[in-house]
There are 2 protein chains.
Amino acid sequence: MAKRESNVDRVYEALRRMAADFAFKPDQRLNESALSEVLGASRTPLREALNRLVAEGFLTFQINRGFFCRPLTPSYILDLYEARVAIECEALRIACQRAPEADITAFSAYLDRMEPEYESATELEELLTLDESFHNRLVQLSGNSELQRMLKNLNGRIRYIRLIDLKRMRDQAEGRAPGDVSAHRLVLQGLVARDVEVATRALRNHIEKRREEATEAVRIAFSQLYVPDED
Amino acid sequence: MAKRESNVDRVYEALRRMAADFAFKPDQRLNESALSEVLGASRTPLREALNRLVAEGFLTFQINRGFFCRPLTPSYILDLYEARVAIECEALRIACQRAPEADITAFSAYLDRMEPEYESATELEELLTLDESFHNRLVQLSGNSELQRMLKNLNGRIRYIRLIDLKRMRDQAEGRAPGDVSAHRLVLQGLVARDVEVATRALRNHIEKRREEATEAVRIAFSQLYVPDED
DNA sequence: GAATTCAAAATTGTATACAGTTTGGAATTC
DNA sequence: GAATTCCAAACTGTATACAATTTTGAATTC
């Protein structure tokens, strides 16, 4: 039987996970020999995977100097969240206009089913996966593969920003509980009523609020660690 | 002095240009040895470039079978144009809200300066470059690098769809002249007034109209050449 | 003649070698 | 001691070789 997944795919996924889990410091140069040993592949497939990550914006590349972990700056975080608003709100608009009634019903049922898990989730990763899942499914309702691809890419890059945010929320427990699904419910209500304006306004507010929290969380978390070059 | 551009970059650009210029037939398998000879590089940097193009959605990849030119289907074209609406309308919204007055004035002057060129452009490529330039500059006004990156990617993949569209328009000269900037003027008016609703409505209409034309043009152009797998 | 088998040819997958470049630090200069 | 030079070590860039897999097409079977 033929293999299903290529070695480059495997290495790519491993690198993406490492990036999301803080394995690389911002602006850190990635040593290809060391990485290839850790990942159990030679430099040839490793570099193919690294090139994919550059194309997707996870890493940067400098000729004759290699691949670097992309640093987190406030303006970069702003850009990523604004792009999420663009993708998700347009997907929601499309979904309001043409998603089959059955899909919306299923989405609603999904949120009901997940609510207890949200409330009881203890692991941050678990909570984050649940939240990402809501947004992914929302964009799926649009039926647009490009919007799905773009969201997946953004989520991959935003993931560790959100982990920092959730960590802070849990530590402080200020106001909103981490597992609060009320914002998601508001979006759903608009979608069920197929009211583009109400739905997108709710979603936009939700994402922008999260952005503000996340920016602040990152600022606090990193302010004592290093000073990234901002421009 | 150090080199500025890497070999992989050069190969990548060459491949992208080839893809945009119909050098590869849809679903055609790309022969690595042949390509590496044409491009004057060994398979190692070639494959790195090909992996970037896969990550960006220009090509597809199958394990042990190599890289393939992505086929054009109506639903793929719809997805790309919808994604453009998402990116450009949100960028325009942001620009309405916070682009410096000076940048908007400069943008307006740019459109005035370009109008004669639009009218007189004879080469399709020239016309297309002018049109892409308008949209790129619009998104630049948002100051968001991620939106710019996403638009650049979409434009790269949409480019040859638009060439087909422009070709048909020129051949038929039905109704609208190819170099019509009135739709762009409407968008600009909304932006100058900083009226998000007016501006985004004009832009959305413009892109969606172009999508309809392009879909039809591709349908006609390809209907006798081959039948792509649609699903 | 359509379907099947199978081996040769073509093609992809990747480890490795080595050339070219950058980096780090010791030696030197001021 | 700070700045500069320079060389060795480390690292990246890529051509190449060869293993693994797929494709092709001729031979065979029904």
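Residue numbering restarts at 1 for every chain, and letters A, B, ... go by the order of the sequence lines. No hydrogens, no waters, no symmetry mates; every other heavy atom, side chains included, goes into these values.
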To the nearest angstrom, the CG-P distance between A:Leu35 and D:dA10 comes to 18 Å
Please tell me if B:Ser42 has a side-chain N or O lying less than 4.0 Å from either OP1 or OP2 of D:dT14. no
Here the distance between atom C1' of D:dT16 and atom CG of B:Leu46, to the nearest Å, is 15 Å
- Query: Which part of the nucleic acid, if any, lies within contact of B:Phe67, taking any heavy atom under 4.0 Å across all strands shown: a base, the sugar-phosphate backbone alone, or nothing?
  - Reply: nothing
task: Check whether any side-chain nitrogen or oxygen of B:Asn31 sits under 4.0 Å from OP1 or OP2 of C:dA10, and answer yes or no.
output: no
task = Look at the side chain of B:Arg65 against the base of C:dG13 and say whether a donor-acceptor pair falls under 3.5 Å; ignore hydrogens and angles.
result = no
Margin query: Taking the six-membered ring for Trp, are B:Phe134 and B:Phe107 closer than 6.0 Å centroid to centroid?
Written below: yes
Taken to the nearest whole Å, CD/A:Glu32 to C1'/D:dC11 is 8 Å
Separation of D:dT21 atom P from B:Phe61 atom CZ, nearest Å, is 14 Å
*asked:* Any side-chain to backbone donor/acceptor pair from B:Asn31 onto B:Ser33? Under 3.5 Å, distance only.
replied: yes
| said: Less than 4.0 angstrom between a side-chain N/O of B:Arg43 and OP1 or OP2 of D:dT16, yes or no? | reply: no
Query - Within 45° cone and under 6.0 Å: B:Arg70 NZ/CZ vs B:Phe58 ring - result: no
Under 4.0 angstrom between B:Asn64 side-chain N/O and D:dA20 OP1 or OP2: no
Separation of D:dA20 atom C1' from B:Ile63 atom CD1, nearest Å, is 11 Å
Comparing nearest nucleotides in DNA chain C, the 5'-proximal residue of the pair B:Gly66, B:Thr44 is B:Gly66
Is the side chain of B:Glu48 donor-acceptor paired with the backbone N or O of B:Pro45 at a distance under 3.5 Å, no angle test? no
note: A:Gln28, atom CD; D:dC11, atom P; distance rounded to Å ~ 12 Å
(message) Base, sugar-phosphate or nothing for B:Arg29? Non-hydrogen atoms, less than 4.0 Å.
(response) sugar-phosphate
When rounded to whole Å, the CZ to C1' distance for the pair B:Arg47 and C:dT14 reads 8 Å
>> If you go through the side-chain atoms of A:Ser33, does one of them form a donor-acceptor pair with the base of D:dT12 closer than 3.5 Å?
In response: no
B:Gln62 atom CD is separated from D:dT21 atom C1', nearest whole Å, by 14 Å
A:Gly143 and A:Gln148 have their tightest heavy-atom pair at C-OE1, 4.3 Å
Any base atoms under 4.0 Å from B:Leu30, or only sugar-phosphate, or nothing? Heavy atoms, all strands.
sugar-phosphate
